[in-house]
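It should be emphasised that the depicted structure is a prediction, and the values quoted were computed from it without experimental measurement.
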Amino acid sequence: QVQVVESGGDLVQPGGSLRLSCAASGVTLDDYGLGWFRQAPGKEREGVLCIRSSDGSTYHKDSVKGRFSISRDNNKTTVYLQMTDLRPEDTAVYYCAIGDVYSSSCLLGYGMDYWGKGTPVTVSS
């Protein structure tokens, strides 16, 4: 059974940084692409950043380019979303999903097979 669990959400001040974790069991993360998504109160879910497993290509939502990045731990069991220069508009529940990433269509959720339950991020002074 595949499980995806996010963690690391917190309250952070504007301009601050935060690292979210995505741990998956029942799969080998190296074999899958991965995406981070978020849903702000009263808004639809949106894709933030995806990474393709075959070549490490990444796809970003425009507003997070240069601020958000993905990395993996050495054991390749956890993937991180490093967020810097956080803004109030980054406030949302953040979700991790794994599946097949072919193109920027991953930001629409296409190809994502397994989803976590989310971790909340609040950016406020």
Side-chain angles (χ1 to χ4, degrees):
Q1 183 177 357
V2 178
Q3 286 190 318
V4 179
V5 179
E6 308 92 337
S7 61
D10 205 347
L11 169 64
V12 62
Q13 292 188 343
S17 299
L18 197 62
R19 189 178 76 167
L20 305 182
S21 301
C22 174
S25 59
V27 295
T28 301
L29 275 180
D30 266 2
D31 295 337
Y32 287 86
L34 185 142
W36 282 96
F37 300 80
R38 68 187 183 188
Q39 187 167 18
K43 295 188 176 181
E44 294 188 352
R45 186 189 69 199
E46 61 180 8
V48 175
L49 192 155
C50 299
I51 185 168
R52 187 162 61 194
S53 62
S54 60
D55 60 4
S57 294
T58 55
Y59 306 94
H60 294 73
K61 176 179 173 59
D62 285 345
S63 64
V64 307
K65 286 181 180 178
R67 300 191 299 122
F68 290 13
S69 61
I70 279 184
S71 63
R72 296 178 185 263
D73 71 348
N74 290 334
N75 293 325
K76 301 179 180 179
T77 58
T78 303
V79 176
Y80 303 102
L81 178 67
Q82 181 68 49
M83 304 185 293
T84 63
D85 188 24
L86 283 161
R87 305 167 183 171
E89 54 265 36
D90 294 319
T91 294
V93 176
Y94 282 72
Y95 299 89
C96 174
I98 61 174
D100 295 320
V101 174
Y102 300 108
S103 69
S104 59
S105 65
C106 66
L107 294 173
L108 299 175
Y110 292 130
M112 298 291 110
D113 296 320
Y114 306 104
W115 292 78
K117 295 182 178 181
T119 185
V121 173
T122 302
V123 185
S124 175
S125 54

Do [X] and [Y] belong together in a cluster built from hydrophobic side chains that touch within less than 4.5 Å?
| X | Y | result |
| --- | --- | --- |
| Tyr95 | Val123 | no |
| Met112 | Trp36 | no |
| Leu49 | Tyr114 | yes |
| Val79 | Val2 | yes |
| Tyr32 | Val4 | yes |

Atom [atom1] in [X], atom [atom2] in [Y]: separation rounded to 0.5 Å?
| X | Y | atom1 | atom2 | result |
| --- | --- | --- | --- | --- |
| Ser104 | Lys61 | OG | NZ | 13.0 Å |
| Asp100 | Leu34 | CG | CG | 12.0 Å |
| Cys96 | Lys117 | SG | NZ | 14.5 Å |
| Ser54 | Asp30 | OG | CG | 11.5 Å |
| Ser7 | Tyr80 | OG | OH | 8.5 Å |

#### Entry: Thr122 and Ser124 side chains, donor-acceptor separation under 3.5 Å
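Short answer, no.
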### Query
Side-chain donor-acceptor pair under 3.5 Å between Asp55 and Ser57, yes or no?
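Yes, Ser57 and Asp55 have a side-chain donor paired with an acceptor closer than 3.5 Å.
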### Query
Hey, what's the ring geometry for Phe68 with Tyr94, parallel, tilted or perpendicular (30° and 60° as the breaks)?
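The rings of Phe68 and Tyr94 sit tilted, inter-plane angle from 30° to 60°.
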### Query
Angle class for the Trp115/Phe37 ring planes (parallel below 30°, perpendicular above 60°, tilted otherwise)?
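Tilted, since the angle between the ring planes falls between 30° and 60°.
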Hey, is the main chain of [Y] close enough, under 3.5 Å, to the side chain of [X] for a donor-acceptor pair?
| X | Y | result |
| --- | --- | --- |
| Ser103 | Ser105 | yes |
| Arg52 | Gly33 | no |
| Thr84 | Arg67 | yes |
| Glu6 | Gly118 | yes |

### Query
Looking only at heavy atoms, what is the nearest atom pair of Gly16 and Val12, with distance?
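Shortest heavy-atom contact: CA-CG2, 3.9 Å.
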### Query
What pair of heavy atoms forms the shortest contact from Lys43 to Gln39, and how long is it?
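Looking at all heavy atoms of both residues, the shortest contact is O-NE2, 3.0 Å.
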### Message
Under the side chain to side chain contact (heavy atoms under 4.5 Å, CB included) test against Leu81, which residue among Val121, Thr119, Leu20 passes?
### Response
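Looking at Val121, Thr119, Leu20, the match for Leu81 under the side chain to side chain contact (heavy atoms under 4.5 Å, CB included) is Leu20.
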### Task
List the steps, then state whether salt bridge (charged side-chain N to carboxylate O under 4.0 Å, His left out) holds for Lys65 with Asp62.
CA-CA 5 Å; Lys65 286 181 180 178; Asp62 285 345; 3.2 Å; yes
### Task
Apply side chain to side chain contact (heavy atoms under 4.5 Å, CB included) to the pair Cys50 and Leu107, showing each step before the final yes or no.
CA-CA 7 Å; Cys50 299; Leu107 294 173; 3.7 Å; yes
### Message
If the threshold is 4.0 Å, N to carboxylate O, is there a salt bridge linking Arg38 and Glu46?
### Response
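Result for this pair is yes, salt bridge flagged.
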